[in-house]
Amino acid sequence: METIVDLVFHDKHFLRDLFICFQFPFSPQHLILVESGYPAVKQKNCFWGDFTLCSNLILSLFSTALWSQTEEIPKDGDVEQSDPDKLEQLSIRDIVDMQEIGFIVKIQPPGVESFELQVSGQMLVAELHQVLMDHEITCHRTCFSLQLGGTTLDRLTELRSISGIQDGALIKLVEDSYSVRDARLHLRHVCDLLRSLDPTDAYNGVNGSSLSYLTFYTRGDKDCESVKKRASEKESVDCSPPDYVLPGCKDRPLTPLQPVRDDWKPLQCLRVLTMSSWNPPPGNRKMHGDLMYLNVLTMEDRELNITSSTRGFYLNQSTAFNFNPKPAAPKILCHSLVDLLSQVSPTFRKNFSVLQKKRVQQHPYERFAAPFQVFTWAAPHGDHTLDCVRAEETNSSHMGQDKQTAGQSRDWNEELQGCRELPRNSLQERLHRERSIFKTNSDFVAAATQGAVAVIDGNVMPLNPGEAPHMQMFIWNNLFFSLGFDISEHYRPLGGNTAAHAAAICDLRGAQAYASVDIEGLHTLGTAVIDYRGIRVIAQTIVPGILEKNQEQSIVYGSNDYGETVFTHPRFLELLNKTTKPLRIQRHQVLDHNNVPVELCSGIETKGILGNDGRPYILDLLRTFPPDLNFQFSETGESGEEVPKECQSFGYPRRHRHSLASLRPELIEAFVQHRYEHYVKMVAQELSQLEEQEQSEDLVLQQSPGDEATAADKAFQRRELLMKACKAVGSVSECCFDIRFNPDVCSPAVRFSSEAVEEVQRQRKLLWDAAAFLLTNQIPAVMRDCLDNTTVPMDGATLTSVLHQHGVNVRYLGSLLRDNPVRPTLLDRISVSEVLIRSAKHVFRTYLQDVEPAAFSAAVSHFLNCLLASTSFIPDSCSDELLSRRRSRRRRSHGSRVSMVTDSLWARLSPAELWGRIRTEAGEYYHYTIDRCVESIDAIIEKHGLQKISLLREMAIKTGIQLRDYVFESRHRPVFNEEDVVNMFPVVNHLRPTATDATRLVQRAHTAVQQGLLKDGFELISQALTLFSSVCGVLHEDVCMCLRLLGRLSYILGEYAFSHQEKAARSYERIEGVDHPQTIQDYTYLALYCFAGGQQLTSLQLLYRARYLTLLVSGEDHPHIALLDSMLGLVLHGLTEYELSLKFLHNALNLTSNYCGATSLRHAHSHHLLATVYETKGEFRTALQHEKEAYSIYKSQVGENHDSTKESSEYLRSLTQQAVVLQKAINHIYSNAPSACIPPPKFSTPSLPAILQQLNLTCGIILIPLSAKEVADLRIEMKGKEKLQVEQLENQLLKQKNHKTECKGELQ
């Protein structure tokens, strides 16, 4: 069998994940031969700009893989590792093996037969306890201990460290006595089991639940078997898509976003399960072991009163009005509530059994709780049901404490700092440390989110109740909460409330930067920023002792008044000095209030505090990154000579609303890399000239007796050369390349000594150079990638990600739209949409702050009507209150009621006023000018080809609005009413810790794949997956990335890829949302793998789902729709649905022409796909027309001698012959003259291998088989090129080494 070779030019996401994706399996019969004429290559859909360079690099990269088959190169190829690296690699492999290799034990529950369970040696007994609570047989048990050989196992012990544990060991499950806490946990667990298939928690965004619908479209091998069975029985398979998926349909219904399967509807086991009103038990019953009482109404309408005691559960004789705790008939004592209910209710026993069978049939990724809560922006209307656990938790004030540790308060700061202080010497220690940090941070974010919601809802008493509401501060669950407003005018010099609002995110980014550097002994606060109902809440852990004194008294480093008083501390200087190199911060001096120079290693606003626990803490990290001089808060009188011409040509500097605009770290790294390349070229050029000069003077120098002086002169010249180059690129060092930024040079209140004036000017020039680099290099790079379809954003989130990857802030959207072509493009459309929605979000934030709590739903619906509806409507507010008033005062007129509604400030907003605010916001903040002729949102939607459903989705996601299903259909009534606004969720920003060792493994895997060592790369990514899962759990974006890469490498290697890709898609649905663009990508590739695995119908359904989601997110005019339609046309062609296939292929042809051009090779490929379908239908004339178009494009683009042109020519000849045969047959039928029998024309039927080959080509997967002689010739050719490249690299490294040696000598 031939092996598939993946070039993946088309797949931009794989390029992003693997850095380089030219790879192939180790087979001497196959090799990648890159030719400049291949369709995907011709379009330059790879990150190399020069294709010639790209081709040579590909051949050199794969030479190692070719040699490894014959010359027995070591397994790691050319990747040299030092001894510590090899030891580390062995350690990683050992730990991965220990985590993956398990053994089987027998579990013996009481009263039932034992069963086998596979466990891992590194599993804790507590983790085995949780596994048993999820197992089908023991899921209803919570209060038990595990015994081995009569000895109770410690819950915090690893299984491998238990003596006597081995394969086949018998572990007994022993029932324990209940406490009140255990009984409550048991009741909660039983309720969770009863609603395990109910998506209500996912819609409500609680308990780590989130939605996943992949199972709805992939049902194992059943689809494949069904298709085969129907095909064998010659029955037709219904492949028709819903109408809203077909090309050209304008309907965008929301109901299919969350499909419901009839066979997965929750089964009702009980009518009512609540806490009894007889709680708590009286003292005499506590003496008998009573813990609490329950009321149950079974499906047979039998009312039960149940006693929870220390020994278990039993029925009592109490009624609603009579307390009788004595046992009732049947007098059964069960340790589990489920066992008792199964004894007394046959319907419960039956339905609970079926429910658990369906629960265990779910994929584990659907049952695990997500580490960070995911909120969905759309939810169907659901009935509110009785839930005793929910009611108990709501009515009982836990003050935000853990439900499982009620009465105990967690010290979040001590937990987070204690985790960071854990040892990190060995891999096991680092994994344990990072796992602890991740878990504690996840719990902290959940508590911070819950606390922020409680603060905004008014359920927390402020520390300063006498102050204005926006100035109040709160402490809740050992967390400190403040609001994103300018308290005591602290941010007035920086921009007031706007600066205070932005400072929270800037501080969070700084905390993330210092956490990534991870200097031992330096501590930052746990931080989360929560936006809820128009108010920003900052949640932080509390520094021990900071509340006992003023902040000014606690500061030992930095300044609290923007430079008027400055402090420094040797301990902080020592720690922060270690961060200056990775963060590229210049160590500098400023003048304090006594005009004495004070040394700092950070921005002046960064404050250092020594807590009562002895730890050094840094906070207020909003100046971690250099300022962006293109956006300035005040007129600073910049001279024309100081501002670069590049910035002036773009209209910069511009006035900004606050002075906290900073450059992104991605831009800093790109700028430093750019300067380093310039530095290397300059040094190389100067050295070359110096060497020529020395050679010309060799004869003179040989006759001169002063050789030592001449050598000293040469060394001096080289030092001068390096100093000149360093000065030219802005290096802080005079003898080696080292670019760093001073974050304080633009702070107006910071004073520098007279000796530092020149250095300050150099730093300001460096900042201006970085700002100009962003405008002249990075923004054009974004536009180039988007216009060339190298990067194809789908929505605002993906556009923002693309901008950030290039180091461009979102505030540059106006500049991004400035020089685009007149013809609307994808980048124009998404950028304009993002400007509109972000501007509307800014208006919405201030709009909500004036809304009373009882009118939130009415106010939100009114705002959405003003934003997206076509006409103005009077809001229908507080309907419940109005109905009540109407009943009590029937004579009140309708006009009076309306006047009461419109008296509210929020209700006075009109569409015209809102549009004016959005226009102003877009111009002032994003510097995007909306034409005066565009007088409404409808006009700009029509002008740029936007769709309202996509705008609404963006608005809901960015503001936390949850909506019901609706349709934009009527211009005579409001689109939204208050019942359509289901909920409002917090939008949370937080730190994202990860696994450092796993990240290193992924980088090594990239290197291995670049060298063509696919199997080594596969192994490294598998190890990284194990480490990521160990640290972050399976529901994490890094785990999804590894699974995605494993799936694609498996597909390339000809192995089973469906399992990896299915896990990636399911996991990403859970952690990012069912309609996230990456989820759409995962569905697309899962469809490809399904088709390759013989599951054609499943592949079709996945493509339909991906197309619907793409239509919902970005509309039909998108390049990904072209890809999906091509794939759908091919799959339908394989299923003999020719008419449907033609619909999708024609749409793909039009989109390809729009985005790639009518003469592009992709357009030629689309013509070829249409020709194959028309050929199958017997319409040879139409097939000839399309194939002629394809041939014409191939001939003009790549020449007559290219393989694609030759294949098209052969296919044209075949089509012509078939057309001639068909015409002869037709003429023979209509002619009456007798003649010889003419053979009938041959109608080709699509073969699945041929369809799969075309699918691979559509997705950028190319197979080019070569003969053994061609492989040998290419090996010899590449060996010579490789040798030459190695020599060049050695020479370059030698020069760099000499430069460093001279630099060290200069320093000494």
Side-chain angles (χ1 to χ4, degrees), residues 9-13 15-16 43-47 49 650-651 664 666-667 670 774-840 922-923 925-931 934 940-947 950-951 953-954 957-958 1076-1078 1080-1081 1110-1124 1150-1157 1160 1162:
F9 284 95
H10 177 73
D11 185 13
K12 55 206 169 293
H13 296 276
L15 288 172
R16 181 192 62 198
Q43 294 179 26
K44 296 183 181 180
N45 282 341
C46 55
F47 56 86
F650 280 87
R664 294 193 61 84
E666 298 90 345
L667 177 77
L774 186 151
L775 295 172
T776 58
N777 287 63
Q778 300 307 97
I779 290 181
V782 173
M783 297 175 61
R784 183 170 56 252
D785 290 347
C786 292
L787 294 176
D788 291 345
N789 294 332
T790 303
T791 300
V792 185
M794 281 191 183
D795 62 352
T798 49
L799 175 64
T800 302
S801 177
V802 170
L803 292 174
H804 288 174
Q805 288 173 13
H806 288 80
V808 181
N809 303 84
V810 179
R811 59 178 173 269
Y812 282 95
L813 279 174
S815 298
L816 193 69
L817 290 165
R818 175 184 175 187
D819 294 326
N820 267 8
V822 177
R823 180 179 62 86
T825 64
L826 175 66
L827 182 61
D828 291 328
R829 189 165 65 249
I830 299 180
S831 299
V832 170
S833 170
E834 189 70 0
V835 169
L836 291 178
I837 295 303
R838 285 181 176 265
S839 301
Y925 196 90
Y926 298 103
H927 304 281
Y928 174 68
T929 303
I930 300 175
D931 295 338
V934 180
I940 202 168
I941 286 174
E942 183 178 357
K943 177 181 177 181
H944 293 278
L946 308 179
Q947 60 177 10
S950 299
L951 294 175
R953 172 184 174 272
E954 292 280 357
I957 291 175
K958 284 180 170 59
H1076 192 276
Q1078 184 58 58
I1080 300 174
Q1081 291 287 337
T1110 308
L1111 292 174
L1112 191 68
V1113 172
S1114 59
E1116 193 164 23
D1117 188 12
H1118 193 275
H1120 194 69
I1121 291 290
L1123 173 64
L1124 290 172
N1150 296 332
L1151 289 174
T1152 304
S1153 175
N1154 292 337
Y1155 284 101
C1156 301
S1160 66
R1162 288 197 181 278

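Basis for what follows: all heavy atoms, side chains included, without hydrogens, waters or symmetry-related copies. Just so you know, these numbers come straight off a predicted model, no measurement behind them.
Considering only heavy atoms from C-beta on, H1118 stays 4.5 Å or farther from V1113 through its side chain. Counting heavy atoms from C-beta outward, I779 and L774 have side chains that approach closer than 4.5 Å. In this structure the side chain of R664 never reaches within 4.5 angstrom of the side chain of V808, judged on heavy atoms. Side-chain contact between L813 and V810: present, with at least one pair of heavy atoms (C-beta onward) separated by less than 4.5 Å. Side-chain contact between Y925 and S839 is absent, with no heavy atoms from C-beta onward closer than 4.5 Å. Counting only heavy atoms from C-beta outward, the side chains of S831 and V835 never approach each other to under 4.5 Å. Contact of the T800 side chain with the R838 side chain is registered, since non-hydrogen atoms from C-beta on lie closer than 4.5 Å. Proximity of Q805 to T791: side-chain heavy atoms (C-beta onward) are nowhere separated by under 4.5 Å.
Looking at residues two or more places apart in sequence or on another chain, you find a side chain to side chain donor-acceptor pair (under 3.5 Å) between S950 and Q947. For D795, the salt bridge (Lys or Arg N to Asp or Glu O under 4.0 Å) test picks out R953, with sequence neighbours left out. In this structure, E942 has no salt bridge (Lys or Arg N to Asp or Glu O under 4.0 Å) partners at least two apart in sequence or on a different chain.
Closest of all the heavy-atom pairs between G807 and L667 is O-CB, 3.4 Å. Heavy-atom minimum distance, P780 versus L775: CD-O, 3.2 Å. Closest heavy-atom contact between N789 and P1119: OD1-CG, 4.0 Å. Pairing each heavy atom of H806 with each of A781, the nearest pair is CD2-CB, 3.8 Å. Of all the heavy atoms in G1157 and S1160, the pair that sits closest is O-OG, 2.8 Å. Minimum heavy-atom separation, A670 to Q778: CB-NE2, 3.9 Å.
Residue T1110 holds its OG1 atom at 4.5 Å from NE2 of H1120, rounded to the nearest 0.5 Å. From L1151, atom CG reaches atom CD of E1116 across 6.5 Å, with rounding to the nearest 0.5 Å. Note that CG of D828 and OG1 of T825 are 3.0 Å apart. Values are rounded to the nearest 0.5 Å.
Remark: the backbone N or O of Q1078 is paired with a side-chain donor or acceptor of H1076 at under 3.5 angstrom.
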Using side-chain contact (heavy atoms from CB on, under 4.5 Å), reason through I940 and L836 one step at a time and then give a plain yes or no. CA-CA 10 Å; I940 202 168; L836 291 178; 3.7 Å; yes

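Test I830, L826, L827, L816 against C786 for side chain to side chain contact (heavy atoms under 4.5 Å, CB included) and you get one pass: L827.
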